[in-house]
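Comments concern the structure below.
Position 1 is the first residue of the sequence, and the numbers go up from there. Quick caveat, the model's predicted, so the values are computed rather than measured.
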Amino acid sequence: MKGLFTLSILSEKAICVFLNKEIGLEAHREVLKLKETIESQKWPWLLETVPAYNSLGLFVDISFYASNTSLLIFFENWFSENIIDVNDASFQKTLIKSIPIKYDGVDLSFVSNYCKLPVNEVIAIHSQAVYTVAMIGFLPGFPYLLGMDERIFVPRKSTPRLKVTKGSVGIGGFQTGIYPSESPGGWQIIGTTALELFDLENLSYLSIGDKVKFKPI
């Protein structure tokens, strides 16, 4: 892994491993493998790992070390001595979760016009792809989904809406995602789902690494 990552101290209790790769499925697979490998070490001072697009946050109990600087040195040495096989596919999830969707979004016609495609073709392209949950964030349970066909890439709104309805399915640049609760938002809304993506008892319905396919209803 040496030369493929950058370590950075985020705070007194957090260190981040940044992969020197652009956002994409390859970086996503490396983040997953890195998360699995680090968690398997069962270090008593490691409290939590938080994966993102091309980075992994490590929250630690600093009382086990003299300082976060000494912990950073530990990780630098550990990475230089350990080879992580990011091409090992055995850890990757294969189950596809189906998301029911009504393609009734307020921005569907905008996406159609922007992409110069009929509405029914936009729907077909969006619903035929198999997506990967690359990150959960922004809102509790909000999935950032990679794998969208570039023919329906559209930019976010220049001025975000103050209120986006819970269950809205949107497109923002090269990614698609679902608003698990009502909130402000700037993605182009193409549909809605009644599926509950987050609740306090079960937390997030989707997890990083999950495969997702939209099922038109």
Side-chain angles (χ1 to χ4, degrees), residues 1-93 131-148 156 160 172-181 183-187 197-198 203-212:
M1 287 287 290
K2 191 173 183 180
L4 300 179
F5 66 91
T6 302
L7 287 168
S8 178
I9 297 173
L10 298 183
S11 71
E12 186 179 281
K13 298 180 180 180
I15 288 175
C16 193
V17 184
F18 294 96
L19 300 182
N20 296 333
K21 283 185 177 289
E22 293 184 358
I23 291 172
L25 290 176
E26 184 180 354
H28 163 75
R29 286 192 293 269
E30 292 194 19
V31 168
L32 279 185
K33 188 58 180 177
L34 185 61
K35 171 180 163 66
E36 180 192 72
T37 302
I38 287 178
E39 289 179 347
S40 71
Q41 305 304 307
K42 300 190 183 301
W43 291 312
W45 40 262
L46 182 63
L47 303 177
E48 184 180 8
T49 61
V50 179
Y53 269 135
N54 56 358
S55 65
L56 183 68
L58 307 173
F59 289 85
V60 300
D61 182 350
I62 203 63
S63 66
F64 282 79
Y65 272 79
S67 68
N68 51 12
T69 302
S70 60
L71 187 56
L72 188 69
I73 294 171
F74 166 83
F75 270 113
E76 288 174 344
N77 292 334
W78 185 83
F79 278 121
S80 67
E81 295 171 359
N82 289 271
I83 298 174
I84 299 174
D85 183 7
V86 296
N87 296 313
D88 176 13
S90 63
F91 67 95
Q92 296 181 39
K93 301 180 182 180
Y131 300 95
T132 300
V133 180
M135 188 171 70
I136 300 288
F138 167 55
L139 295 168
F142 186 105
Y144 288 81
L145 305 176
L146 291 180
M148 192 170 65
R156 293 176 175 86
F174 59 86
Q175 56 201 341
T176 186
I178 310 165
Y179 289 78
S181 57
S183 76
W187 290 27
L197 290 180
F198 183 86
L203 301 181
S204 180
Y205 172 69
L206 296 173
S207 302
I208 184 171
D210 281 351
K211 301 297 182 183
V212 170

Pair Arg29 + Glu26: basic N to acidic O under 4.0 Å: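 No, Arg29 and Glu26 are not salt-bridged.
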Step-by-step side-chain contact (heavy atoms from CB on, under 4.5 Å) determination, Thr132 to His28: CA-CA 9 Å; Thr132 300; His28 163 75; 3.2 Å; yes
Restricting to non-hydrogen atoms, name the atom on [X] and the atom on [Y] that form the minimum distance, rounded to 0.1 Å.
| X | Y | result |
| --- | --- | --- |
| Pro51 | Val31 | CB-CG1, 3.7 Å |
| Gly209 | Leu32 | CA-CD1, 3.9 Å |
| Arg156 | Gln175 | NH2-NE2, 2.9 Å |
| Gln41 | Thr37 | NE2-O, 3.1 Å |
| Pro143 | Leu197 | CD-CD1, 4.3 Å |
| Ser55 | Phe18 | CB-CD2, 3.8 Å |

Can you measure from [atom1] ([X]) to [atom2] ([Y]) and round to the nearest 0.5 angstrom?
| X | Y | atom1 | atom2 | result |
| --- | --- | --- | --- | --- |
| Leu47 | Lys13 | CG | NZ | 8.5 Å |
| Glu30 | Leu25 | CD | CG | 12.0 Å |
| Ile136 | Ile208 | CD1 | CD1 | 8.0 Å |
| Leu203 | Phe198 | CG | CZ | 5.0 Å |
| Leu58 | Ile9 | CG | CD1 | 12.0 Å |
| Leu19 | Tyr53 | CG | OH | 14.5 Å |

Is any side-chain heavy atom of [X] less than 4.5 Å from a side-chain heavy atom of [Y]?
| X | Y | answer |
| --- | --- | --- |
| Phe138 | Ser183 | yes |
| Leu145 | Val133 | yes |
| Leu7 | Ile15 | yes |
| Asp210 | Tyr131 | no |

Parallel, tilted or perpendicular: ring planes of Trp43 versus Trp45, cut at 30 and 60 degrees: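 Ring orientation, 0 to 90° scale: parallel.
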CA sep, side-chain torsions, deciding dist, call: Val17, Phe75, side-chain contact (heavy atoms from CB on, under 4.5 Å): CA-CA 9 Å; Val17 184; Phe75 270 113; 5.8 Å; no
Flag, side chain of Asn54 to backbone of Lys21, donor-acceptor distance under 3.5 Å: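 A pair under 3.5 Å: yes.
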Whether Ser204 side chain and Leu206 backbone form a donor-acceptor pair below 3.5 Å: yes
Glu22, CD: over 12 other non-hydrogen atoms inside 6.0 angstrom: no
